[in-house]
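Each remark here refers to the structure printed beneath this line.
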Amino acid sequence: FLVRDWKWNAFDFLVVGLQIFETISAAAVGESDSDKGGGNFSFMRALKVLRLLRILRLVRVLRFVEELRNMVQSIISSLRPLLWTSVLLLLMIYISA
């Protein structure tokens, strides 16, 4: 916790701690993923939003690391041609079968 970005480490610690607390409290009440009627966990669901904020960390890293940003943009931009290549391949398999 003593590095320059100690605030991000503290935030990660908080998010992981809240997830552990949520898991323990859900197990204590007997709530499973398929059974959401065990109790009122609207507060816990609101805390799940905090976990989404971890995506901000990725955006922050991408802003500073240009090589990583280029790789992510390349992967994202190659998804559409990959889809059409897969469609063409499946069409060829369908025709030859």
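Both backbone and side-chain heavy atoms feed into the values below; hydrogens, waters and symmetry mates do not. Positions are given from 1 along the sequence.
We find the CG-CZ distance between Leu83 and Arg80 to be 9.0 Å, quoted to the nearest 0.5 Å. Leu91 CG to Trp84 CH2: the interatomic distance, rounded to the nearest 0.5 Å, is 11.0 Å. Going from atom CD1 of Ile95 over to atom CG of Leu90 covers 11.0 Å, rounded to the nearest 0.5 Å. Rounded to the nearest 0.5 angstrom, Leu88 CG and Ile93 CD1 are separated by 10.0 Å.
Nearest approach of Ser77 to Pro81, heavy atoms of both residues: O-CD, 3.4 Å.
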